[in-house]
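Just below is one structure, and these are the notes that go with it.
Keep in mind that the numbers below use all heavy atoms, side chains included, and drop hydrogens, waters and symmetry copies. By convention here, the first residue in the shown sequence is residue 1. All figures in this text were calculated on a predicted structure; none of them were measured in a lab.
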Amino acid sequence: MHEKKSGFSIELDETQLNEIEDVYNSNIEVFVRLQDEFPLTIVVGTPKNLQYLMEKDKVNFYGPGLPWIIVQKLTKEIIQEAIKAYIDDKPEGYWLKLYHFATDIDIAVFNQLQDQEIKESVQFNLLIGLDDLKDKINKLDNLEKSDLVASLDKLYKDLRILNEE
């Protein structure tokens with residue numbers, strides 16, 4: 001089967017799909033061609049199949065590997081609906097590309113994103129701390145304000161140093 005819809009096409013082996021004994025307990029490879037003609041292979045499976053595979057392998061979790069798109073039942077219509085939802089959720093087939101390339105992404109990319117997230121978190125927490133100090137300063141008399149002004153100056157300096165990094 002070869003379906004073309006909203007900027008992508010899906011190819012399913014209909015013979016393989018028709019030979020599935022239990023559409024609630026199986027998985028299938030789906031070949032998707034995005035609007036930019038990039039071809040991807042995605043595994044679509046059912047929750048019951050994940051349970052079956054864990055029991056078969058005598059494990060308590062489904063281990064690391066390529067992500068699946070999970071559907072209730074393996075039918076042409078549901079598979080198309082799921083693929084379309086993944087394509088429509090973010091531009092340029094983001095989720096399908098992420099699933100397709102998940103095992104090929106260099107860990108340095110994630111480390112860089114993590115470092116950026118940490119820096120933004122520290123900045124956010126510093127700003128909250130500064131706001132809290134300003135509120136306290138406004139409620140204090142002049143003698144108490146001098147101690148807090150010193151603390152406030154230190155936070156501002158830390159924030160400037162962090163921003164320079």
Side-chain angles (χ1 to χ4, degrees), residues 1-131 155 158-165:
M1 167 183 55
H2 184 77
E3 293 278 332
K4 181 98 173 156
K5 290 188 178 180
S6 67
F8 68 97
S9 64
I10 298 174
E11 295 177 33
L12 283 169
D13 181 341
E14 283 204 51
T15 303
Q16 183 184 6
L17 191 60
N18 291 333
E19 290 176 353
I20 293 175
E21 291 179 25
D22 183 354
V23 294
Y24 294 98
N25 182 10
S26 194
N27 66 74
I28 189 170
E29 283 188 341
V30 178
F31 305 97
V32 179
R33 186 170 298 275
L34 299 176
Q35 188 169 11
D36 62 7
E37 294 299 315
F38 185 78
L40 318 142
T41 303
I42 303 295
V43 177
V44 179
T46 63
K48 191 173 180 181
N49 187 240
L50 289 172
Q51 181 70 34
Y52 164 79
L53 293 172
M54 288 184 286
E55 288 172 1
K56 183 182 109 194
D57 293 341
K58 296 179 173 69
V59 294
N60 293 319
F61 59 92
Y62 189 74
L66 286 174
W68 290 19
I69 292 178
I70 306 299
V71 296
Q72 284 293 330
K73 173 167 103 167
L74 287 174
T75 66
K76 176 176 81 172
E77 296 77 20
I78 292 174
I79 291 169
Q80 288 173 342
E81 177 185 354
I83 298 290
K84 184 175 182 334
Y86 275 70
I87 286 175
D88 289 346
D89 186 66
K90 282 198 155 205
E92 300 181 37
Y94 173 88
W95 290 114
L96 294 183
K97 287 179 181 178
L98 179 63
Y99 276 40
H100 181 77
F101 290 114
T103 59
D104 297 327
I105 299 172
D106 186 335
I107 193 67
V109 172
F110 295 118
N111 291 340
Q112 182 180 4
L113 290 170
Q114 181 180 348
D115 290 345
Q116 181 181 342
E117 182 77 18
I118 290 169
K119 183 177 178 180
E120 290 171 1
S121 175
V122 168
Q123 288 173 335
F124 180 73
N125 287 331
L126 281 171
L127 291 173
I128 288 174
L130 291 172
D131 285 341
L155 282 174
D158 290 347
L159 183 59
R160 272 190 243 120
I161 291 169
L162 186 62
N163 283 330
E164 291 172 3
E165 292 177 356

What verdict does the side chain to side chain contact (heavy atoms under 4.5 Å, CB included) test give for Leu74 and Asn49, after you've listed the backbone C-alpha separation in whole Å, the side-chain angles of each residue and the deciding distance to 0.1 Å?
CA-CA 11 Å; Leu74 287 174; Asn49 187 240; over 6 Å; no
Under 6.0 Å from the [atom1] atom of [X], do we count more than 12 heavy atoms belonging to anything else shown?
X: Gln123; atom1: CD; answer: yes
X: Tyr24; atom1: OH; answer: no
X: Gln72; atom1: CD; answer: no
X: Asp104; atom1: CG; answer: yes

For [X] and [Y], which heavy atoms make the closest approach, and how far apart are they?
X: Asp22; Y: Lys48; value: OD2-NZ, 3.7 Å
X: Val109; Y: Ile105; value: CB-CG2, 4.1 Å
X: Val71; Y: Pro47; value: O-CD, 3.1 Å
X: Ile69; Y: Ile83; value: CD1-CD1, 3.8 Å
X: Leu12; Y: Glu29; value: CD2-O, 4.3 Å

If you apply the rule side chain to side chain contact (heavy atoms under 4.5 Å, CB included), what do you find for Ile79 with Ile28, and how did you get there?
CA-CA 10 Å; Ile79 291 169; Ile28 189 170; 4.0 Å; yes
Report the C-alpha distance between Lys90 and Leu98 in whole Å, list the side-chain angles of each, state the deciding distance to 0.1 Å, and finish with yes or no for side chain to side chain contact (heavy atoms under 4.5 Å, CB included).
CA-CA 11 Å; Lys90 282 198 155 205; Leu98 179 63; over 6 Å; no
Compare all side-chain heavy atoms of Leu66 with those of Thr41 and state whether any distance is below 4.5 angstrom.
no
Min side-chain heavy-atom separation Lys76-Leu17 under 4.5 Å:
yes
So how far is it from [X] [atom1] to [Y] [atom2], rounded to the nearest 0.5 Å?
X: Ile87; Y: Gln80; atom1: CD1; atom2: CD; answer: 11.0 Å
X: Lys84; Y: Ile10; atom1: NZ; atom2: CD1; answer: 10.0 Å
X: Leu40; Y: Phe101; atom1: CG; atom2: CZ; answer: 6.5 Å
X: Glu19; Y: Ser26; atom1: CD; atom2: OG; answer: 11.0 Å
X: Ile42; Y: His100; atom1: CD1; atom2: NE2; answer: 7.0 Å

Using 30° and 60° as the class limits, which term best fits the ring planes of Tyr99 and Tyr86: parallel, tilted or perpendicular?
perpendicular
Ignoring hydrogens and geometry, is there a side-chain-to-backbone donor-acceptor pair from Asp89 to Ala85 under 3.5 Å?
no
Test item: side-chain donor near acceptor, Gln112 and Gln116, under 3.5 Å:
no
Suppose the criterion is ring pair (Phe, Tyr, Trp, His ring centres under 6.0 Å): which pairs have a residue in residues 43-66, not counting sequence neighbours?
Tyr62-Trp68
Can you name the side chain to side chain contact (heavy atoms under 4.5 Å, CB included) partners of Leu130, sequence neighbours left out?
Leu127, Leu152, Leu155, Tyr156, Leu159
Given Leu96 and Leu34, is the side chain to side chain contact (heavy atoms under 4.5 Å, CB included) satisfied, shown in steps?
CA-CA 9 Å; Leu96 294 183; Leu34 299 176; 4.3 Å; yes
